[in-house]
Amino acid sequence: MKKCIKLGLVIFVASCTMNTQSNNKMCDCDIIYGRAGDWDVISDDLARNIYRHNLRCKNN
């Protein structure tokens with residue numbers, strides 16, 4: 001189950017990034033929240049992508 005959640009988040013963040021790069025527009029998005037225990041489970045790359053995504057959403 002955790003792998004499916006991780007994969008879903010990766011796909012969402014990657015698709016948002018591709019859309020912003022191709023259209024030069026920010027994504028119409030929501031900030032991704034998680035429980036504190038989740039950050040120990042996900043990879044560092046995914047955590048960086050989520051953090052970057054959340055910054056873009058805040059600045060949007």
Side-chain angles (χ1 to χ4, degrees):
M1 182 66 176
K2 289 180 183 179
K3 289 182 181 182
C4 292
I5 293 171
K6 287 187 231 178
L7 181 60
L9 286 173
V10 169
I11 291 170
F12 173 75
V13 173
S15 66
C16 182
T17 303
M18 285 188 288
N19 286 338
T20 57
Q21 289 174 352
S22 64
N23 296 334
N24 290 331
K25 296 179 184 176
M26 297 301 284
C27 263
D28 207 17
C29 57
D30 295 323
I31 294 175
I32 300 171
Y33 295 101
R35 295 181 307 246
D38 293 341
W39 295 106
D40 294 334
V41 177
I42 64 174
S43 70
D44 290 338
D45 288 333
L46 180 58
R48 275 190 228 89
N49 286 338
I50 291 171
Y51 179 73
R52 192 175 311 125
H53 167 81
N54 288 345
L55 285 177
R56 284 190 190 126
C57 288
K58 281 184 182 180
N59 294 331
N60 191 359

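Starting from 1, each residue takes its place in the sequence as its number.
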Minimal heavy-atom distance between His53 and Asp30, with the atoms involved, is NE2-O, 3.1 Å
Note to self: Could you check whether any side-chain heavy atom of Arg56 comes within less than 4.5 Å of a side-chain heavy atom of Cys29, counting everything from C-beta outward?
What the structure shows: no
Residues joined to Ile31 in its hydrophobic cluster, side chain to side chain under 4.5 Å directly or through other members, sorted by chain and number, are Tyr33
d(Asn49 CG, Ile32 CD1) to nearest 0.5 Å is 9.0 Å
- Task: Tell me whether Val41 is reachable from Leu46 by hopping between hydrophobic residues (I, L, V, M, F, W, Y) whose side-chain heavy atoms are closer than 4.5 Å.
- Result: no
Residues passing the side chain to side chain contact (heavy atoms under 4.5 Å, CB included) test with Asp45, sequence neighbours excluded, are Ser43, Arg48
